[in-house]
There are 2 protein chains.
Amino acid sequence: MKLRELGEERLVAQLVARCKAGRKVIAGPGDDCAVVAGPGAGRLLLLKTDCVVEGIHFRSNESPLAIGWKAMARTLSDFAAMSGRPQFALVTLIAPAGREVRWTKEIYRGLRRVADRFAVAIVGGETSEIEGPAVVSISVVGTVEKDRWVSRDGGKAGDVLFVTGKLGGSIRRKHLNFIPRIDEARWLTARFRIHAMMDLSDGIGADLPRLAAASGVGFEVDLKALPRTRGCSVPQAINDGEDYELLFALSPNDAGSLEAKWRKKFPRLSLTRIGSLQRRSTGSKQQFGRGYVHFQ
Amino acid sequence: MKLRELGEERLVAQLVARCKAGRKVIAGPGDDCAVVAGPGAGRLLLLKTDCVVEGIHFRSNESPLAIGWKAMARTLSDFAAMSGRPQFALVTLIAPAGREVRWTKEIYRGLRRVADRFAVAIVGGETSEIEGPAVVSISVVGTVEKDRWVSRDGGKAGDVLFVTGKLGGSIRRKHLNFIPRIDEARWLTARFRIHAMMDLSDGIGADLPRLAAASGVGFEVDLKALPRTRGCSVPQAINDGEDYELLFALSPNDAGSLEAKWRKKFPRLSLTRIGSLQRRSTGSKQQFGRGYVHFQ
């Protein structure tokens with residue numbers, strides 16, 4: 001069987017199925033970051049790796065500054081999803097020997113711009129040659145307080161679902177200059193009990209079903225309530241992907257208070273109530289499109 | 001300027017020059033692993049990423065099991081170089097959509113085989129498509145006791161230089177099935193004050209000058225004493241690269257005791273005194289060939 005027939009999600013599930021987890025591994029493959037016991041008490045270590053590939057995640061003629069930004073920001077977005085603080089980054093830059101040195105320096109300038117903004121230190125840089133497309137792979141290590149880390153699997157029937165920002169149309173511009181929602185996630189978990197959270201990378205049509213499945217519940221979404229990027233249709237908001245906004249669930253008792261405080265704290269970033277989690281038997285699993293699936 | 005004109009070492013130096021290090025960064029790019037302050041006292045965090053690229057580090061027709069072994073073992077070898085304990089690994093597997101699923105599973109079997117041997121948990125697995133050669137990128141996080149980490153820069157004039165194992169001829173077989181010298185490095189730093197250490201990845205001809213330069217000293221090597229793989233010439237032992245043996249420096253007062261204890265503890269792995277570090281002014285900087293330099 002070829003990779004394109006299997007699809008990315010099933011491939012990863014099969015590949016990692018036989019990896020032994022130790023007792024220090026709290027969350028392994030399948031959530032936004034891996035969560036492991038750190039050497040100190042009170043804090044957990046978060047680990048995440050992500051890559052962008054020329055011809056797949058970016059085009060050859062795109063600004064290398066923007067490509068660098070995207071590569072680092074994608075990885076930090078997964079820390080936002082868990083309410084983590086990213087701290088240290090390792091960068092692997094793979095490029096053909098005929099590539100201009102200037103191009104690689106612009107990539108790094110983009111990487112540094114995001115890293116500096118979130119106080120992440122780039123502590124290692126590997127390079128390799130390739131006879132083919134360029135690849136930028138970023139691994140980040142950070143921490144989160146034991147009582148503040150949020151996974152995808154804590155959603156409860158009745159929880160209200162929120163998303164930050166607007167969805168859809170990312171390919172026109174936003175996929176190269178989005179802001180990882182780290183500050184917002186940290187603010188949320190300092191004040192509210194967030195039951196489940198993730199960042200929207202493949203589109204809410206693919207990502208919300210994952211959060212619901214991990215939590216063992218169904219969901220209902222008010223399609224008319226979905227916050228859409230100007231000019232985007234509902235299907236585009238659901239399926240385009242690369243929104244890098246936060247999707248999270250919390251108790252309906254907290255929802256009103258959250259909305260009022262959010263408007264004061266983040267007046268320029270919308271927060272939208274889009275629906276709720278439901279018991280599986282009653283939840284009408286709305287057909288949500290498939291988001292973006294790699295290898296297919 | 002193109003990458004092939006600049007060369008890997010100068011490229012990395014230029015790329016990371018402008019990366020801000022925080023006060024938690026103890027050793028950044030340029031040593032075998034990055035060393036950062038961990039959340040707990042007494043231990044430091046070690047971070048390392050490394051990759052293998054089809055057509056550069058492995059051939060398409062080579063055993064994927066061996067390729068997986070190599071990808072993980074290369075990274076763990078950098079932990080050995082610092083006397084660290086690797087703990088958690090993130091795996092990024094980039095392959096064309098037409099690649100057989102079986103091939104990727106064999107890669108993972110190779111990765112797991114090394115990881116299990118050294119109690120490393122694979123906690124994250126990313127995959128991506130590429131329209132070109134396959135890439136396996138591995139990032140590993142681990143720890144080392146504050147009083148046991150060894151860098152390249154602590155060598156002193158007069159120190160004796162040792163290497164483990166045999167050098168040269170790796171391409172015939174060893175580059176795909178070598179054993180990271182983690183157990184040996186941990187044993188060494190538990191019993192001796194190792195002044196400087198690294199693993200030999202580009203050949204001692206390229207790597208020893210790096211250790212000497214980092215330590216601010218010169219060196220002398222007895223070429224006849226170099227431990228050679230059967231059938232290898234002295235130039236091959238110096239330049240072939242991918243030995244993944246340890247090179248280290250310690251006080252001449254400790255050398256005799258080390259040799260006696262080593263033979264008892266590791267009777268099947270040779271330990272060879274190959275020369276010494278020297279004051280720069282007196283050290284005849286022997287011409288050592290150039291090892292293997294990427295992008296050139």
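Sequence lines set the chain letters: A, B, ... in the order given, protein chains first and strands last, and positions in each chain run from 1.
Summarising the geometry, atom OG1 belonging to B/Thr49 is positioned 6.5 Å from atom CD belonging to A/Glu126; distances are rounded to the nearest 0.5 Å. A distance of 4.0 Å separates NZ of B/Lys2 from CD of A/Glu100, quoted to the nearest 0.5 Å. Atom CG in B/Leu93 sits 10.5 Å away from atom CD in A/Glu8 (nearest 0.5 Å). Between the CD1 atom of A/Ile130 and the CD1 atom of B/Ile94 there is a distance of 7.5 Å, given to the nearest 0.5 Å.
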Tell me, with the steps shown, if B/Thr127 and A/Leu15 meet side-chain contact (heavy atoms from CB on, under 4.5 Å).
CA-CA 10 Å; B/Thr127 59; A/Leu15 291 180; 4.2 Å; yes
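Here A/Leu47 is the residue among A/Leu47, A/Val35, A/Val12 with the most heavy-atom pairs under 4.5 Å with chain B. Ranked by heavy-atom pairs shorter than 4.5 Å toward chain B, the options A/Ala27, A/Cys51, A/Gly42, A/Gly55 are led by A/Cys51. Ranked by non-hydrogen atom pairs under 4.5 Å with chain A, the options B/Arg102, B/Glu54, B/Glu131 are led by B/Glu131. Contact count versus chain A (heavy atoms, under 4.5 Å) is highest, among B/Pro133, B/Gly125, B/Gly124, B/Ala34, for B/Pro133.
Listed here is the closest heavy atom pair of B/Leu3 and A/Pro96: CD1-O, 3.5 Å.
Residue contact with chain A, scored on non-hydrogen atoms closer than 4.5 Å, involves the side chain of B/Val135 exclusively. Within the 4.5 angstrom heavy-atom criterion, atoms from both the backbone and the side chain of A/Val101 approach chain B. When heavy atoms are compared at a cutoff of 4.5 Å, A/Thr104 approaches chain B by way of both its backbone and its side chain.
Here the side chains of B/His57 and A/Ser128 are in contact, with some heavy-atom distance below 4.5 Å. The closest side-chain heavy-atom distance from B/Gln14 to A/Tyr108 is not below 4.5 Å.
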